[in-house]
Enquirer: 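First, the structure itself, so that you have it in front of you.
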Amino acid sequence: MKSRITLISFSLILIVMSSEVFSQEKKDTYPLIPQPVLLVSGNGNFKITPEVSIVVNDVMSRKDAGFFNAYLLEHYGFQLKIEVLGKEKKQAINFFRDSMNNKLGPDAYNLTITSDKISLRGGTQAGVFYGIQTMIQLLPAGKVAVPILPAVHIDDYPRFSWRGMHLDVSRHFFSKEFVKKYIDYLAMYKMNTFHWHLTDDQGWRIEIRKYQKLQEISAFRKGTLIGHYGEIPERYDTIKYGGFYTQNEIREIVAHATQRHITIVPEIEMPGHGLAALAAYPELSCTGGPFEVGKTWGVFQDVFCPKEETFEFLENVLTEVCDLFPGKYIHIGGDECPKDRWKSCAHCQALMKKEGLKNEHELQSYFVQRIQKFLSTKGKKIIGWDEILEGGLAQDAAVMSWRGNAGGIEAAKQNHDVVMTPTGSCYFDYYQSKDSKEPLAIGGYLPLEKVYQFEPYPDVLTADERKHILGAQGNLWTEYIPTFSQVEYMAIPRMSALAEVLWSPADKRNYTSFTHRLIGHFKLLDFLKVNYSKALFDLNYFVYPNSGSEGVALELMSAYEGGIIHYTDDGSEPSLHSPLYKGRIPVGQSTVIKAALFDGQFKRGRDFSQMFKLNFASGKEVLLKEPPHEEYSRGGGFTLVNGVTGNLPWNGSDWLGFSGKNLDATIDLGNPVTFTKVSIDVLQDESSWIYLPASVEVLVSDDGVSFKPMKKVLAAEMKPGQRLITLTLGRTTAKFVKVIAENAGIIPSGKPGEGNPAWLLTDEILVE
Ligand code: ACM
Ligand code: ZN
């Protein structure tokens, strides 16, 4: 039944309420993100005239009323009188803390807006604040004399208790004002945890009064890598870059977060990612230095040496950190710590012997456990990246699972609390669009929809183990994010998608509904002058076999349903006069397809352009001996012959990825064909653990059973960063072509991801 239910009384609504009663369209007319648990629209609206007052029932709610007033003043130019009263008033906005609401769950609120009054009741103070955020999203997204709020009733509460966003301020530094703004965005989406990555190889960003050289030396680097890590030759600028937050600024930011019911989790990285500190205090390393603050990205060999003076230093640092941050967690890093220095350090080896530690992983575990014991004397708990599981996990430590879900699963099974932040769903430094005009990013591909589809509970966990999954977090590493405007661009709207994952009930999650609400919500982001990404309006595509015919077929898609697509195949710019897209476009020869999405007379989003390079292999059958990794497998073997070569960012639609495994692909050309060369397109990006193959071999066959080796090239014959590896064969006639690309194996020491399996990424095989 699709009916319009008017608001009668709250108790009645609770009885008749079921989500099926209300149509999706009606609910989507309110641009609310995250989607509330329950929303009923009413008739009429409440007008916020300057005569309206805000009524609160206690001093704490007065603070939240003050927050709402500040928003009104900033965006509509007036504020309201605040009264403290025992009961609600008419023609007033009533913000009441009401423990009855706790029945709905922690931090629940309900919000009833009628033409008479607004009643917001929160079970906790945070609950009241979340209700205010909902009201702000319902307010007009433009300056008006009398803002109105639509009549609705909402019952709402979060699904997860850790709803977080991370920000790296080491690789690039953002001022106090920008950090506050970032916290405001978390608050807008009802997130409650800000993970502040304060130290790393490229800069130490927190004032520690006991160690002046952290401010003088560690906070600044003498230059910064230009372009992407791994580019040859490496180029640097010589501009002194850096900064740090004074303790006074940190207190101000903590207060700003506290008012928004957000807990800050400060991260002090150890034992790796500590080069900036070692540049000032080289005696805390194994070799004694000298060092300079990192100017490039990746992983550095020099790490903290587990000697007494290092522990004394770190404990003094952490003492000041604990004084500044009231939250219960301190993040101690723990990721990507190369063990080479420890292996050749007399002190480290003697310590291992003395403590009976079998290997350097156990030494890292010893390191983390000592810090954990110290922090527990300060009443704090530790959380660290999933490497802290290696060598045995400190008791009572929580784990942030970033290398996929495995660390989180393992930790939960060992009864440790877990925050999920797997790269494939939560790394907002990845590309969010395939458009070639995207700003340089670290790599990877994480579109909005993939964030939205993320499920924080790994399905292998039992109900009991799931209790350890506190929630999830989006991470924003800033190697390639030099300005705050770009922080906004990378974080929003992906942050809003994650917020809905973490707040709204799992069975309410619906991407179509989300995109409808998001397009409405963009008006608010425009009003707030947020530089968000509009990748949602980009045309997306997928290439299919051209059924029953030669070549391939291109399908175009848009998440925006209000438009039509026009395209060209002659290189000209698409206009309203170009052919209308009605379904898959057959591509029978090498060409460029251009397309654009039109909303009335105007284009929405960016123009689409795709080159197809067809050859004997295009559109033919491909047999893979080993399946690719599930993240890079969408098109299966057909991906290798779909006519699309070289699209970046690499993604699971255009690329096949093999983690630690070889590619073994056999192409059935259909008939014996004469050709002279076979090429394979591969990728190298060591910062993302992607390596050139150890070798590439081509074999041919007439029957698909017995293959004749034709040629093999080894890694030594490939150039760094080489894309197309071509094996010239001389005139060869065959019906089957087999290409074997051998995985590079385990990532060598000193490289990002050392010790993990390398990725082999390939997107095309060409037979010409
Ligand atoms: C990480 O991304 N190195 C935790
Ligand atoms: Zn050492």
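Keep in mind it's a predicted model, so treat the numbers as computed, not measured. For ligands, and for the atoms within them, numbers begin at 1 and follow the listed sequence.
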Enquirer: Is there a donor in the side chain of Glu360 and an acceptor in the side chain of Gln349, or the other way round, less than 3.5 Å apart?
Expert: yes

Enquirer: Using the Zn ion (ligand 2) as the vertex, how large is the angle between SG of Cys348 and SG of Cys345, rounded to 10 degrees?
Expert: 100°

Enquirer: State, with a plain yes or no, whether a side-chain heavy atom of Ser688 is found less than 4.5 Å away from one of Trp759.
Expert: no

Enquirer: I'd like to check which ligand 1 atoms, numbered from 1 as shown, lie under 4.0 Å from a non-hydrogen atom of Glu336.
Expert: 3 (N)

Enquirer: Under 4.0 Å from any heavy atom of Trp477, which atoms of ligand 1 are there?
Expert: 1 (C), 2 (O), 4 (C)

Enquirer: Under 4.0 Å, heavy atoms only, figure out whether ligand 1 is touched by the backbone of Met400, its side chain, both or neither.
Expert: neither

Enquirer: Could you check Tyr457 against Phe160 for ring pair (Phe, Tyr, Trp, His ring centres under 6.0 Å), going step by step and ending with a plain yes or no?
Expert: CA-CA 10 Å; Tyr457 286 135; Phe160 288 98; 4.9 Å; yes

Enquirer: So which heavy atom in the protein is nearest atom 3 (N) of ligand 1, and how far is it from that ligand atom?
Expert: Asp335 OD2, 2.6 Å

Enquirer: Please report, to 10°, the angle around the Zn ion (ligand 2) from atom SG (Cys286) across to atom SG (Cys305).
Expert: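 Angle SG(Cys286)-the Zn ion (ligand 2)-SG(Cys305): 110°, rounded to 10°.
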
Enquirer: Is the positively charged end of Arg370 above the ring of Phe311, judged by distance under 6.0 angstrom from the centroid and angle within 45° of the axis?
Expert: yes

Enquirer: Can you check whether Trp385 has an N/O within less than 3.5 Å of an N/O in ligand 1?
Expert: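 By distance alone, the answer is no.
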
Enquirer: Taking 2.8 Å as the cut-off, does His347 contribute an N, O or S atom near the Zn ion (ligand 2), distance below it?
Expert: no

Enquirer: What is the nearest protein non-hydrogen atom to atom 2 (O) of ligand 1, stated with its residue, atom name and distance?
Expert: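 In this structure, atom 2 (O) of ligand 1 has Tyr427 OH, 2.6 Å as its nearest protein heavy atom.
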
Enquirer: So, regarding Trp402 and ligand 1 (criterion: nitrogen or oxygen to nitrogen or oxygen, under 3.5 Å), is there a contact or not?
Expert: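 No, since none of the N or O atoms of Trp402 sits under 3.5 Å from an N or O of ligand 1.
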
Enquirer: Identify whether NZ of Lys or CZ of Arg in Lys213 sits under 6.0 Å from the centre of the six-membered ring of Tyr281 and within 45° of that ring's axis.
Expert: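 Checked: cation-pi criterion met.
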
Enquirer: Please report the closest heavy-atom contact between Arg509 and Pro456, naming both atoms and the distance.
Expert: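 Residues Arg509 and Pro456, closest heavy atoms: NH2-CD, 4.4 Å.
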
Enquirer: Relative to the ring of Phe244, is the ring of Phe220 parallel (under 30°), tilted (30 to 60°) or perpendicular (over 60°)?
Expert: perpendicular

